[in-house]
Amino acid sequence: MPDPEITPDTIAEHGLSEDEYQVILERLGRAPNLIELGIFSAMWSEHCSYKSSRRHLQKFLTAGARVIQGPGENAGVIDIDDGDAAIFKMESHNHPSCIEPYQGAATGVGGILRDVFTMGARPVALMNALRFGAPDNHGTKSLIDGVVAGIAGYGNCVGVPTVGGETNFHPGYNGNILVNVMCVGLARTDNIFYCAARGVGNPVFYVGSRTGRDGIHGATMASAGFDGDGGEKRPTVQVGDPFTGKLLMEACLELMATDAIIAIQDMGAAGLTSSSVEMANKGGVGIELNLDHVPQRDRNMTAYEMMLSESQERMLMVIRPGREQLALDIFQKWELDAASIGQTTDTGRMVLVHHGKTVCDIPVAPLAGDAPDYDRPRASTKKRVPLPVADVPEPRDYRDALLRIMGCPDIASRRWIWEQYDRHVMADTIDSSQSGGDAAVIRIHNTHKAIAITTDVTPRYCHADPYEGGKQAVAETWRNLSAVGADPIAITNCLNFGNPEQPEIMGQFVGCIEGMNAACRVFDYPVVSGNVSLYNETDGAAIPPTPAVGGIGLIRDLSRRGTISGAEEGDTLIMIGETTGRLGSSVYLLRIMGREDGAPPPVDLESEKINGDYVRQLIRNRRVNAVHDCSDGGLIVAACEMALAANTGVALNPVGPGPHHGWLFGEDQGRYLLATAARSVNPVISTARDLGIKACSIGTFGGTGVSCGDILEVSLAELRTAHEDWLPDFMES
Amino acid sequence: MQTAVIVFPASNCDRDAAVALKKVTGRDPLLIWHRDTSIPGDVRFVVIPGGFSYGDYLRSGAIAARSPIIRDLVARAGTGLPVAGFCNGFQILTETGLLPGALLRNRGLKFVCRAQTLAVTNIESRYTSAYAGMDHVTFPVAHHDGNYFADDGTLNRLEQEGRVLFRYVGNPNGSARDIAGICNGAGNVFGMMPHPERAVDPLHGGTDGLGLFTSIVESL
Amino acid sequence: MKAVIHVGLKPGVLDPQGRAIARSLNNLGFDEVTGAKQGRVIELDLKETRAALAESRVREMCEQLLANTVIESYRIRIEA
Amino acid sequence: MKAVIHVGLKPGVLDPQGRAIARSLNNLGFDEVTGAKQGRVIELDLKETRAALAESRVREMCEQLLANTVIESYRIRIEA
Ligand SMILES: Nc1ncnc2c1ncn2[C@@H]1O[C@H](COP(=O)(O)OP(=O)(O)O)[C@@H](O)[C@H]1O
Ligand SMILES: [Mg+2]
């Protein structure tokens, strides 16, 4: 095939600007051919180069006493004592899930699993953070159906429990759903694998599924210009194969127990291109690949297609010379295709040979090092004024308002979702979505230790005030981990935003990052991995800013942990933290008043920290029977959730002469509810006061319903029905 | 006592099963790879674990049931070796013909993972003797194809011969006559969709599953 | 040559997928649908060139693996 | 009347099931099998008696529900 000419159109179709193309010309000292252009375009895409976000991500706190590996590798690594390491990361699969929800979500799970086992960890838990459009928006239901089935289809099959997550509905996601998945794995600190290739002349192995024409980016050209078979336009959707994913995971972990691997990298976005460039670049070596040896699924694949294919379930590794056979034997045992497709070199260049011809010969360093790095203009979000309680009407009927809130899309039980996930496989799930608890708890096999995992963000708040919303997202993970008695250690994140070329969006992005970072610094809670998903918009309508945060904590002794469900008849309900009745941007305002205005509740990071530290201390000293944080819906919702989990009613003390809606539904931050046995009440409250922490007794557990003086009374059965029925009824309607 | 777990590509409850067996026998079970062709002679009890052998492609359990190890498994089961299959293991046992019937897609078409109450319908079997005095147990279920089907004649025979060992209380998948677990005529081969091996530790939320393992191990 | 194999549930075997399909079609307003069944089609590429031989081998494949004859029946078509 | 609908993956879309089936047949000694694809057949019972109308309705059903047209293509046959 004659080499097609590179025209301005070709360059534009590859998403490269003229300036970017000029840099390529300079670095090469000549015009690139199409393959080379494709490789530059993939490496310099937003997805691979983080060109709009890089300089802002660098602001994050990324170091800490427990950080073994911060951002920059496939996943972050933290030390969790005794030679154990937790390896984790969150990633988005938004765009693919909009096009094909099942496969998009499934391949998202496959991808995040590979990121984690690539580093030598056995994945032990999956989480999913989902945002859908309004329930009544056309398509919402089938998107939920497909996404949940896709996550289940992949995670259940590979046998990694899906233990938690979050789900939001908002018209802001009508055109752009978000599917963020997180994986946590465990490894030994002395057996962690990295992607930097080392040495010269070492064999480069390809293993896993064969390469097909899946998800090729320059789709316009690739399918029209290069597909000799003609006929139907090839879909570019990637299809997940969890069976091969599982085999690949087992084979890699088996090989990692030997000394055969020098470097390993999964093939994610921009497949063979980004994996080989990253390996070579990080190791400071060159790489030469013979594409004839790449296992191929489709006939007559071009070099361009092979380099840009996003076929799933593939890995690239540099093998120690002399260990080739060992590697091949293990891959054969697991019935995987594997081939030696090239070697490392000392040229610092990426050389590709196809059909005996050199089809690409470019320096590696500029692909990564000279990637664009933009300081995009930004405009900050207009500050909203706080909304005084007095300006918000009370509900006509508190009981009715409570039932509506318990059954509203923001709060209703997600059972319909998580019952489709295998939450128990591997036999170490101690707590999961099933309890409705604040964080999932996964035991470290054969020990009494556990890790706690949560994902949180409140897009309503981020939209109202990116900085406060960013702070709140981190604070809520920290609070959720504290509520189960885990010491919060580190976070990962997935930053989902609209078009960064719009100053307002860039303002949201930077605002959220700065807010998140402020919280990370106060909590000494570093960011060790993450992912950015931009351009989530349709017809100029961007999603609400959604910086999803995934937090990890350590429970040293499983016999001393907090649960949501332990309240006993007669226990006193204690509130930790201050309530002023903040209804701005609250669920009450949205679902009862149909409004979304007002400043969101601010997070006082200092009191957040001392409150959380205190709650963990109480859990460790076995002072509390149950713990739950207050978040969406305020203290009454949290109290109802505790009552439902324990199957014990609770009577709240009415406070003051009213109005009560600020007290009951206000979303003040930094608060926890505790169920405490009579003998512990005084010590818990007085110690809190000594520490300068607001604490008061606000009710008593017992009976079969939830009440608050003569303001409201409702049976647990009614609450349960309201809470449990909304989602299944909606999905079946 | 030596026990064994057979591992197929994409079995994923092999560890769950191994943990339960070790708990009851005090000894790590052998893990037998599906390509092996024989089960060592000293093995007294074999578990076929849950999971998605071969990705559940074609039909759940179908491809696994044609693995090299199966020939010896069937032969040994024929001489009385106890063999239990949980979840995918049950599907594999029906595909090999060691147990009658088949497992269809759940009635609700969705994967279902929840704590499931079961009635113990025969406490005289080798797999249930430890449940004497317990009418009900709770095991987790986690499956997509757990809807037990057999023709009426077979169902009648299973019931008459006391081979239905567990029934669902609140059928999660549409199984005929609420059947959750059955054994073969000789009583040594047993299969069920729920996961007793995931209910052997108080931290799992319950230990009802232990009785199943102690029953069979004590019968040896 | 090619073999096309239809595998379907035997009459009398409950077909949850078929039922769900019929119900959802009705819900979507396709009232004319009174029943639905779902089966599988497996297409095999074969090196064999003699149709009769191919057919008898494919029958063996069905009996051994492709169909579960407890619940399923199958039909084979051999194409050049 | 009856409609028989074949739904299969579009060319070029990964078919992990097909691969697993081919491999398993090879392992069982059916060496002549060089490839396998798996699709679905849906049979609908219809109250409609006019073939042309039935076909256009079934096409709608395929687009709306029966096939995932992002990755699958379908073929309809109407039978009396
Ligand atoms: N998509 C999901 N997958 C699994 N579990 C979910 C999902 N969405 C929500 N959950 C679970 O439902 C419970 C309530 O979630 P949420 O209201 O977001 O909790 P919180 O506000 O305390 O963080 C949690 O235990 C959570 O793990
Ligand atoms: Mg919480």
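Fair warning: this is a prediction, and the values are worked out from it, not measured in the lab.
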Study note, to complete from the structure: Residue from C/Val58, C/Ile42, C/Leu66, C/Thr34 scoring the most non-hydrogen pairs under 4.5 Å with chain D is C/Thr34
Revision key, fill the gap. Looking only at C/Ala36, C/Ala3, C/Gly35, C/Gly8, most heavy-atom pairs under 4.5 Å shared with chain D are made by C/Gly35
Point to revise | Contacting moiety of D/Ile5, where chain C heavy atoms sit under 4.5 Å | key: neither
Review point. What pair of heavy atoms forms the shortest contact from D/Lys47 to C/Asp31, and how long is it?
Key: NZ-O, 3.3 Å
**Study point:** Most chain C-contacting option - heavy-atom pairs closer than 4.5 Å, from D/Glu48, D/Glu60, D/Lys2
**Key:** D/Glu60
Practice item. Against chain C, work out which of D/Glu32, D/Arg40, D/Gln64 has the most heavy-atom pairs shorter than 4.5 Å and name it. Key: D/Glu32
Review point. If you round to the nearest 0.5 Å, how far is NZ of C/Lys37 from CG of D/Asp45?
Key: 7.5 Å
Check your understanding: Among residues 15-24 of chain D, which ones touch chain C with a heavy-atom distance under 4.5 Å?
Key -> D/Ile21, D/Ser24
